[in-house]
Amino acid sequence: MTFSISDSGLNALVDEVIASGTTVIAPALVKLSAGERREYQKIGSAQKMALTGAIVSNSLKPFIMPPSVPLFRYTRAKAAVSLEPATGKAQAAVVIGAQACDIAALEIVDRVMDWDYHDEVWFERRKATTVISLACTQADASCFCTAVGSGPDHPRGSDIQLLRKKGGYLARALTESGKAFCSKYGSHFEKAGDDADRDPLIKETREKVETNLKIDLGAIRSFLTRNFEHELWNDFGLRCHGCGACAFACPTCHCFDIVDEPEGITHGVRRRNWDTCQTAKFTVHASGHNPRKDQNSRIRQRVMHKFQIYPERFGDVLCTGCGRCVRVCAGGMNLLEILKVLDKSAEAKS
Amino acid sequence: MTSTGFEPKIAAFVCNWCTYTGADLAGTSRIQMATNVRIIRLPCTGRIDPLFIIKAFERGADGVIVSGCHPADCHYTAGNYHARRRFTLFNDFIEFLGIDSRRITFSWVSASEGQKWADIVNDTTARVRELGPFSGYRDLVRSGLTGGQDAGT
Amino acid sequence: MRELKNLAKRLLEEGTVKVVIGYEEGPVGVRPVFVTRPADAEKLVFNSRCVQNLAAYLSRRRGHIARLGKSAIVVKGCDARAVAGLIRESQLKREDVVVIGMRCGGVALRPSDEGPLTPETVADRCSGCESREPKLADHLLGELPPAPPKATRMFELMAQIERMPVAERFRFWAEQFERCMRCNACREVCPMCFCERCIQDKSQPQWIETSPHARGNLSWHFTHAMHLAGRCSSCDECQRACPAGLPLGLLNRKMAEIVRNRFEYQVSDDSTVPSPIGAFKQQDPQEFIK
């Protein structure tokens, strides 16, 4: 079902959603001590939206899986321990103007969170969120969504997909909840839109991203399966500092740590915090032994998890080609480059 | 008690050899003083990591006293000299982070200065009472000012 | 540049060093490179986009780099302060590293910033730099370029924060630290953060809350600055590496100012001058102590 919506119609829609008490998350300009950038933010008015501009610098992950989630509060009295569930359950939210890479990531992580265990902390926010994506009309040198099965206008994970056209957007309602949303706010949508009206920049963007990276994911996966030990790994980790910037910027990295944070001798909070395989601490044993003893082995883990371990279990890859790991890396690590090397090695071996 | 009913909680980090003994002397001399201070005894001011003070604020202390042997009197010769350098940095730096340094009293109290200890306790209590409660640090955990980072409980 | 490539090639050929830690043109901007073969010395570059402080790679925590063997490192004057810091604090023996010093005309904020330096694009630390010729160098290369333009934004922000009433200042930092996710990039890129086990990673007792909430974050960034007092080489790598865009350089800059005012000490690339925190004077200021 394709509708169309004008710029002013979209603004009115967003303001109406906000007025109804639903949280709206959209790209907005954030002022930093040095310059400003686009970030997904909870916005208080449609005026705040910044739907075009450079790639959004954070992912949607913090909104579905916050960096630190309180699970429960505990109190100890002699031998008895009492637990009190954490307050603040997920509220209804609408994401507007999200990039294809960020939306696809939600579906990719869904599978992990509903595999051997149904993760309530993830799904509670996930189910409360309606996702309206916007096809990208810009890309930079680190974008490679088309190489990992997505694309600037890929609808995967969207309830509704917006595509830029002159004076407004085409709106494709893709899921039941998307259709329900379109009929609930039907007054803002106009008659069926014509797909031919879409901004030619979308196609150009796709072509640009395609030139950034072309790889054979299947070949890489089978190469990785056979080459856990390979001299290649000795080079990849050299410039890596071993921080978690890539993992925390990544829309699909989902590892967490659980900590008890005492607030006194008898009481405290159990929390679930983001964690990353890129630090030494992630795997260190109580004895002091660390099976991933250096940065090379930690980089290998990150690449293997995304392009071999996850695919083995779920079919496609644990990466949506957003390129954030490249943009945030202080050491100049580049996943596109690593994938190119792996692709070439896989080709040479076959 | 003041009319607001606010009684500050004050943590005191003191060295074993001078100030703790001085505080003991204040007690055995039956000097009257405010009851707001909880003393934590350490071997030397050199053992007082600035993090101790931060931890006190994290857990909701309204004020902090740090006290040890006068310069040249350290039981371990130089512990208080090293500590003094750290306290100097700490004292200047926390103002930049927005923590009112009037909430913290640094002092030298010897084993014979029972009266001085009582004065430090009374002055600090009065000053912190004036400044009001300091829950700002402890409550940072639930401020939730931005984004989806609802870290609160 | 030819000079640099030739020197690196010679050091590797002679076997003086096994690896040259320097800069190369990466896919997006200049980045660190580890040259182990003489032929690869051609990759080395030096220009105003050589932003990174490579001294972090000399830290003993980088086992995979140490395993390559003795290293030579390309440094700017500011980076030399960090190398000197590692030597001063017994993390590195002077004879175990060949220091290739580059005369420097300032660097950009980001390694991908092309074009000539302007007050908008120049790195904050380059303003009024007095160490454009590293003294620590075994080999000093290049001609001294003109002094870089002056960036003022850091001073302005510092002044703005200092003008705030104390409660407003607390709110300013609280809002900043709300954004911190504890990826620890600030720690990992820091050449002076070489502790085998960071206090943040100690759990018995847990001095610093590891959760990324403003309280744990403030305690961490406070501690980082305290632990860098009189040691920070002011490379601002923490700030550059921060994916949340926090002005972390301000904290270290403030601390450096306090150290300078109180103890008349400034971090230099002379590794024989003791650190102000390991030392004291009987006449040190104590007007704030009752």
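Below, read A as the first sequence line, B as the second, and so on, with proteins coming before strands; counting in each chain starts at 1.
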Notebook entry, point to check: Would a 4.5 Å heavy-atom cut-off, applied to side chains only, mark B:Leu140 and C:Phe177 as touching?
Noted result: no
Note to self: With heavy-atom distances below 4.5 Å as the criterion, would you say the side chains of C:Leu218 and B:Ile54 are in contact?
What the structure shows: no
Next item on the list: Find out whether B:Pro71 and C:Gln282 are in side-chain contact, i.e. whether some heavy atom of one side chain is under 4.5 Å from a heavy atom of the other.
Entry: no
Check: Between the main-chain N or O of C:Trp207 and the side-chain N or O of B:Lys55, is there a donor-acceptor pair closer than 3.5 Å?
Finding: yes
Notebook entry, point to check: Can you find a pair of side-chain heavy atoms, one from C:Gln286 and one from B:Trp108, that are under 4.5 Å apart?
Noted result: yes
Check: Below 4.5 Å, heavy atoms only, C-beta onward: do B:Phe96 and C:Glu257 meet side chain to side chain?
Finding: no
Next item on the list: Go through the atoms of C:Gln206 and report whether side chain, backbone, both or neither lie under 4.5 Å from a heavy atom of chain B.
Entry: backbone
Next item on the list: Heavy-atom distances under 4.5 Å only: say whether C:Leu251 touches chain B with side chain, backbone, both or neither.
Entry: both
Item checked: Non-hydrogen side-chain atoms of C:Trp173 and B:Ile99 separated by less than 4.5 Å -> no
Next item on the list: Answer whether the closest heavy-atom distance between the side chains of B:Pro50 and C:Phe222 falls below 4.5 Å.
Entry: yes
Notebook entry, point to check: Residues of residues 82-93 of chain B under 4.5 Å from chain C (heavy atom pairs)?
Noted result: B:His82, B:Arg84, B:Arg85, B:Arg86, B:Phe87, B:Thr88, B:Leu89, B:Phe90, B:Asn91, B:Asp92, B:Phe93
Next item on the list: Please report the shortest heavy-atom distance between B:Tyr81 and C:Lys281, naming the atom on each side.
Entry: CD2-O, 4.4 Å
